[in-house]
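What follows is one structure encoded as structure tokens, with my remarks underneath.
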Amino acid sequence: MLGEMRSSLLRSVVTSVITPAIKSKSCCFMSSLHYPPLMTASYSCFRARSSLSCCNSHADDDMSALFQILPCDLRDTLLCDPSQDQLVEVILDLGCLPQAHYIDDSGRRYLRNTEVSMEEIQCVLKEIGQVGKDNRAGIEGTLHRISAIRNRKGEVIGLTCRVGRARGQIDMVRDLLDFGESILFVGRPGVGKTTVVREISRVLSDELHKRVVIVDTSNEIGGDGDIPHPAIGGARRLQVPDPSMQHQVMIEAVENHMPEVIIIDEIGTESEVHACRTIAERGVMLIGTAHGEQLENIIKNPTLSDLIGGVVTVTLSDQEAQIRNCSKSVLERKAPSPFPFLIEINERDYWIVHRTERSVDALLRGKKPLVEVRRRTQQLQVVIERWRTKA
């Protein structure tokens with residue numbers, strides 16, 4: 001009896017839904033042969049947004065918006081990927097196999113065994129619109145970022161499609177926000193720095209009721225478009241017309257909008273470092289990011305070293321050199337750091353927290369700084385340990 005009811009229900013669905021859809025060509029079906037890691041067929045078609053369906057419970061509207069700009073065979077594969085929530089980026093380079101990069105993967109996965117064509121790259125560019133002077137673009141209303149590679153003629157021949165996520169690792173740093181002191185996040189590209197500062201902007205504005213202004217150079221923090229993504233909460237955003245003007249917009253934010261907190265991503269020039277010092281001296285809390293793996297990388301970087309107070313060579317007296325048991329010429333911190341806290345994001349679930357000035361002074365004297373190691377366990381609990389280690 002139960003079997004007859006199931007058969008009757010199946011026939012009803014086929015008759016009333018699937019058959020009309022096939023006749024009207026509003027949907028298509030692909031065999032399971034299209035879904036192994038190396039696919040055997042290449043499709044250059046781009047289906048309409050209205051016909052996009054989701055095969056995976058992990059997919060949400062933002063992920064769908066990223067997938068639907070891709071060639072349809074890559075889109076279908078990624079939508080049905082069980083590890084979709086671990087996706088970091090999709091790479092499309094002319095004449096190369098398309099790749100997907102996942103969190104904690106040592107390598108990349110090829111999405112098919114046929115190369116990317118110029119027609120496919122052009123189709124993606126039509127979907128995302130104009131690429132800026134910094135070779136970056138976005139998808140309006142989302143946090144995703146598209147970065148372009150050009151040839152000598154200025155033509156786009158490669159695309160990096162980065163996934164932008166609204167939620168990060170705020171529980172790893174939530175207690176430090178209550179101090180109201182500036183924090184600098186240091187980590188290699190792709191480790192999650194932008195995601196963290198995006199969520200910090202929401203917590204500071206919505207939970208701690210601070211006046212937060214984001215200086216968003218490439219619309220990475222607040223998303224593409226004039227209306228910021230809800231992920232930043234009640235924070236306000238200043239867009240930057242040109243990357244070279246980022247330091248000017250930082251000062252403008254302080255002078256014109258009376259913020260209590262300014263958030264800036266990817267501090268990388270002397271002008272931006274000087275702007276950070278100026279803002280800190282005006283009593284405004286800073287949340288910033290910089291590229292580097294360890295605190296020592298910032299100390300040795302002449303462009304960024306002022307973020308930790310700067311380094312200068314001093315000559316000691318004979319008596320002081322004897323007391324310290326060192327040479328007469330030594331390196332010392334030049335000034336107070338505009339960032340009292342510095343956090344190394346080594347992995348998404350493994351952070352090292354420095355009291356910046358104390359750690360810099362210890363490292364310059366050849367000692368091991370006292371740091372906090374914060375890591376997330378398999379039970380999703382944050383464990384904080386204090387120990388001495390080389391930064």
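A salt bridge (Lys or Arg N to Asp or Glu O under 4.0 Å) with D349 holds for exactly one of R375, R376, R374; it is R376. The side-chain contact (heavy atoms from CB on, under 4.5 Å) with L143 is formed by just one residue from the set R165, R198, R162; it is R198.
Of the possible donor and acceptor atoms, none in the side chain of R109 sits under 3.5 Å from a partner among the backbone N and O of A100. H144 contributes no side-chain N or O that, together with a main-chain N or O of C161, makes up a donor-acceptor pair within less than 3.5 Å. Although no hydrogens or angles enter the test, the distance criterion places no donor-acceptor pair under 3.5 Å between the side chain of S182 and the main chain of M285.
Between E127 and R75 there is no salt bridge, since no side-chain N of the basic residue sits under 4.0 Å from a carboxylate O of the acidic one. Using a cutoff of 4.0 Å between basic side-chain nitrogens and carboxylate oxygens, K193 and E220 are not scored as salt-bridged.
Every residue two or more places apart in sequence or in another chain that forms a side-chain contact (heavy atoms from CB on, under 4.5 Å) with E207 is listed here: R174, R202, V203.
Hydrophobic clustering places V273 together with I308 (ILVMFWY residues linked when any side-chain heavy atoms are closer than 4.5 Å, directly or through intermediates).
Contact check for S147 versus N135: no side-chain heavy atoms found under the 4.5 Å cut-off.
Atoms NZ and OG, from K133 and S244 in turn, are 7.5 Å apart once rounded to the nearest 0.5 Å.
Side-chain contact check for T289 and D265: at least one donor-acceptor pair (N or O, by modelled atom type) lies under 3.5 Å.
Within 6.0 Å of atom CG in N151, more than 12 heavy atoms from other residues, nucleotides or ligands are found, so the atom counts as buried in its surroundings.
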